[in-house]
Structure formats: C-alpha cells, structure tokens
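Just below is one structure, and these are the notes that go with it.
Quick note on labels: first sequence line is chain A, next is B, and so on, each numbered from 1. Keep in mind it's a predicted model, so treat the numbers as computed, not measured.
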There are 2 protein chains.
Amino acid sequence: MSERAHRPTVKEVAQRAGVSPMTVSRTLSGGVNVKPEVQQRVLAAVAELGYHRNENARSIRPGHSSGLIGVAITNIANPYYSTFALGVEEEAALTGRRILLGNTSEDAAREAELVGDFLGRRVDGLIVVPASTTSTHLAHSQNQGVPVVLASRRIDGLAADSVVLADEDGAFRGTTALIDGGHTRIGYLGNALSIFTGERRHAGFVRAMETRGVRVDPHLVATNQQTVEQARDATRALLRAKNPPTAIFCANNRNAIGALKEISTQLATGLRAPADFPELLSFDDFELAELSPVPISVIDHDPRELGRTAARLLLDRLDGGDREAPAREVELPVSLRGVR
Amino acid sequence: MSERAHRPTVKEVAQRAGVSPMTVSRTLSGGVNVKPEVQQRVLAAVAELGYHRNENARSIRPGHSSGLIGVAITNIANPYYSTFALGVEEEAALTGRRILLGNTSEDAAREAELVGDFLGRRVDGLIVVPASTTSTHLAHSQNQGVPVVLASRRIDGLAADSVVLADEDGAFRGTTALIDGGHTRIGYLGNALSIFTGERRHAGFVRAMETRGVRVDPHLVATNQQTVEQARDATRALLRAKNPPTAIFCANNRNAIGALKEISTQLATGLRAPADFPELLSFDDFELAELSPVPISVIDHDPRELGRTAARLLLDRLDGGDREAPAREVELPVSLRGVR
DNA sequence: CTGTTAGCGCTTTCAT
DNA sequence: ATGAAAGCGCTAACAG
C-alpha cells in the first residue's frame, strides 16, 4: 500500500547498497573496476527498488542521444501505414531505439507541430510520410544535425534520404495490362494530384493510355478521395456515367476498397450481375482482396519493407558514420499480380 | 552547407538576443515580466536558430514529467490494434502528450523489456494490451507512481485500471443467435484459452450452447490460432470433419479472416457452392466483411473507442488529481450485427 | 523587469 | 577499486 510512490534514483540505490552513486553507475554500465561482491549488492538494491536509469537525464549529457526516433505518418489506422510503422519499429528495436509516433491526419500544420515536438524531445532522427509540400521544419531538423528520412513521398527541394515506390512504373504496367486485356474505357480513382504518389501514379496511368493510344476520358477520372467513404461516392458517380468504364484503376487501397464496397452494395440489390461491373486494378494489395466479386489485380509491394528500408536509411546515417553523405533516394520495385 | 550541425540551447539564444538565459526561458513560458520589445528579440533569435526547448532536460526537474505515454500492444500491424493506437494517440494529443509505441509480438518477455525501457524514459503512464499473465513489471510501475491501464485484457491479481469488451456477453448473444437460426453443429475458431479474451469468448460460446442444450463437439473447437495463416489451416480441418459445422464462431478478426480466405479458396475451385459452406459469426468487425461469400454477422465494437477510453482512464488519473483511487474496471458493450 | 544561484539525475574526469 | 567534483539544459527561487 504505502510503497514509495516515487521513482528511485542512483543516490537511493547507492545508499541502499552502501556505496557511492558512481559505483552504481559503473556497475550498471558493465561493472568494470567494481569488485564482484559489491556489484552483487548494487544489483540487489537495483532489483529491490525496481530502479531504472533515467534516460532523459542521461540523454542531456554532451555527446549522448535520446535513442528515440520520431515517426510522423498520415494515418495510423490505415493498415498500410500501421504495417509501415511495424517495419520501422522492428528495425529501430534492433539498435535499442524506440519510436515516438504521431499522426498528422494529412495536415501540414499538424506535421510541423509534431516535428517541433519531436525535436524538443531530442529524437535521434525523423521518419516522415510528409503531408506537407513545403519543408522548412524538416530542413531545420537537418540543419541541427537531426537526419530526416522521407517515406513513400518526397518533397521538392528537400535534400533528404528517401524511400518511395516505383509509382509511375507500377501504374504504367498495371494500366497497360488492363488495356492489353481489351479495355478502352478505363476509369481512375485516386488521391489528390498534389500528393506525391497521387501525381506519380496518375502520370503512369496517363502515359500507359497515351502509349497505347487510348483516350483518357476526364469524366472517368476522380482524384480527390482521401477516405473509403469518398471513394465510394466517386465510384457511384463513375458507375452512373452515360458510358461507364469497363475497368477502374484505383491509385491506393482506400480507393480500391471504396470501389469494392460500392460494387458490393449494388450487387446486393440483385438488379445487376458481377459482369455488369468494371474490373479493378489496385495500387496496394490489401487483406481480402480475393473476395472481390469482380476480377481484380493489384500492384503489390510490402509496406513493412518500406518501413524497414526507411529505418535502415536513418540508422545507417546515425550509426554508420557518414552523417554528411549526400541524400540517397531509394525506389522500391512493385509487382503486378492478378488476384481474382 | 556549413550550418551548425548542432541543436541550439537557451544560452545561445540568450547570447544572440543579448539577454540572460532566464529571460529566454520566461519569454518561452508566456512572457510574464519580460518587456515586449525584449520578447521580440528573443523570439527572433529563437526563430533564427530554430530553437526548441530540450524536453528531456525540462523533464528531469522535480515535479515535472516527460509528457510521454508508453503504449505496448501485441501487434501494430493488426488493423484492430492500430486503430486502437490511433484512439490513444488522439486522446493523448489533446493533453499535449506523445506516444511511445512498442510491439510485444504477444511475447511476455519482450513486454517486460519494453515496460522497463518505458520506465527508464520516464513515461507518465502506461497503456498495455498485456501479453503476459504475470505482472511484476507492471506492479513495479504502479509502485513507482506510474499508472498502468490494461486494455482489452486484464491480468489476474493486478489492481490496475482496465477497459475490456463484453466478451462473454457478446459471444453468448452471437452464439445464441446462431442456434436460434437453426444451427446445431457450430464450430469454434479462436486464440488460446490462456489469453483473457480467448477464455471469455469461449466461455460465452459454451454457455450459449449449454443454455440452449446444444452439444459442443470438441472436434469442432480449435483454439490456438494466432495468425490468419493458422486460422486458415484450422478452418480447412474443420471443413474436412466427417460431420462439418453449419456455422462457425470466429473469436477474433484474425480467425474470421482466415476462415473467409479458406472458404474463398475452396470456392474458387468451382467444386462446391457457397451454400455448402458454414455461415460465419465474427467477434470483431473488419473491413470488407460484406464481401463474404457466406452469410456473416459480427459482434461489433470500436477499437478506436477502446483506445480513447484507455487513454481517458490514464489521463484522468494523471491530471484528474486522484492518483490513489481504486482501480476502475470498464467493460465496453458490443453489438450484434448481420453483415451479409 | 532582469539576472544569479542552485539543483534535477546522471556520468566523465580527476583524485585517492 | 572507489569517490568527489563538475556540468549537461533547464528553470524555480531568490536577489536586485
């Protein structure tokens, strides 16, 4: 009941073990130059008090770091990004580092705020899926010796390590496959063109259409869906067009899932058959895609690997010595895969 | 290029603004008793240097805390838990606190390690989905005045705030509905009975069966699936039984998704029709459940709300004054919902 | 209104 | 093999 509601310090451990704080410190950092029997006493006191070194106090000493990595993502609840976070966490844990996680909700102001907070907590580095297109806060971070790794999206004018996907190439190959499958009316559902991936995936889509001489019908292109609900609405509109698409390219999993949900709902009315609906192509694989009532293929890639790679880029810069090396830009390949 | 690769301190800001460190400190904490024009100079210096107060240094002062909340969950990549994490993050952000996130991979040793690390970083409190059934590390945390909130699962003998679901009630009602729907051969797919939720959901299932006088066939009960893959294998076995179930209760989303995947795969062979497969009941809603080829209903609840509630319990204890109040046990209701 | 002093928890440096 | 002093960045408490 009346246990000490208070975190023990070196001093208290020292007192209990009948030694000086320095002896405790030495014991805890390996025990060089501490008599074995004294170490025993110290460790016993540590265990009894449940002592943990105050990492915050340790981190303010010159030349020492917090062992924290700040991770700012746009939406933790999106399985894609949570899997990404897992990859980062795993890799960081290998070096004993922990993750400070923040959600930007795709809001640039919130991102800047978050980054400022992370810097205040003296993170060793930052991994960011940028919601912003300007980057003073990130440049500041780098100027202060806190490296930044951008993931999934790059920012114009910011010389930072980055790992992104082969967005354009994947979209091009996927769209080309649709065209070669006989489709000529192909719709597009994506997030805003102002977003790095949105722009690149759209570009790949357009290039494929132009390369094969297929017309991009502006009525079949919707590019502002951020959520599944918005994607559903956009799908409904596409399906209602006078001359609806026979295939739809969905530029990310939110849009693909929205499309599937809308198709599924319309099928449930029993008025139309699966064959009346467009085939789908999704940039991003996602769980249960194989249950699609219409044929679907995905442009596949592993968010966990994206996270791992981002972490490795950062850790390499932190521990690998060369903090001043020029920015490295990694582009992970994607693969086209028929699911149904 | 040759920017200072170094984080500025109060001293440097003070020097640049031609004042003492105290004036900088005062300005940054509201500016009481600092001449407006001096404040201007200070803020200018802050902006020019990109200064951020060192929160780690601030946190070691007596009576001050880190503003960090340690969150240990079993699997960030599971959308259920990532949505939970989002709920925690949102609520924590309202009080200016950040989240330190760790993945336990359902491993008790890793959890203890993680908690130790969190304590070393002087978290204000812990939110844990326990992988452990013993709790010395968590009890230690509480004894040191660092409150612990358990989420989704409780631990016997640990008097900590907790928020869990109405597992037994939900399972009972769902199973009862299956029986009332005419099923008498009902299978069970769940995680280990040694896990809090596993035990409770199984108990609700059994109670419903017994209440309605339906026999629980041990051949149709599989309780050790942790992953979707394992759930698939278990489903395959159930479907192969001499007298297979006409309905399956899936005790969580991993198991429901595994069952769906297996059924979907078998359907793809074209040898059997949807009607040849069991109806499903899932404890946990999940994205795209409505695409199920067989009828499915879910015992629904909101992981985000679970996260928010856990955070509120913690923050209330931290900021609400009464840190010594007896442990509060919250049980969130669930609702039964037909999906398809 | 502004500055000086002291000390938070820890460990490096310098004795002993 | 051990301890004392000093200082990391910051801000209460105390001058002025």
Among C/dG3, D/dT2, D/dG3, find the nucleotide with the atom closest to the side chain of A/S20. D/dG3
Distance in angstrom units between B/N33 CG and D/dA12 P, rounded: 13 Å
Phosphate OP1/OP2 of D/dG3 contacted by A/T23 side-chain N/O (<4.0 Å): yes
Taking CD in A/Q226 as the centre, count heavy atoms belonging to other residues, nucleotides or ligands within less than 6.0 Å. Is the count above 12? yes
Going by the rule ring pair (Phe, Tyr, Trp, His ring centres under 6.0 Å), which residues pair with A/F196 if we only count those two or more places apart in sequence or in a different chain? none
Contact string for nucleotides 9-16 of chain C, one letter per nucleotide 5' to 3', B = base within protein heavy-atom range under 4.0 Å, S = sugar-phosphate only, - = neither, reads BSBB----
Short N-O contact, B/R153 and B/E111, less than 4.0 angstrom: no
With B/Y81 via ring pair (Phe, Tyr, Trp, His ring centres under 6.0 Å) - residues at least two apart: none
Side chain proximity check, A/L94 to A/R312, heavy atoms < 4.5 angstrom: no
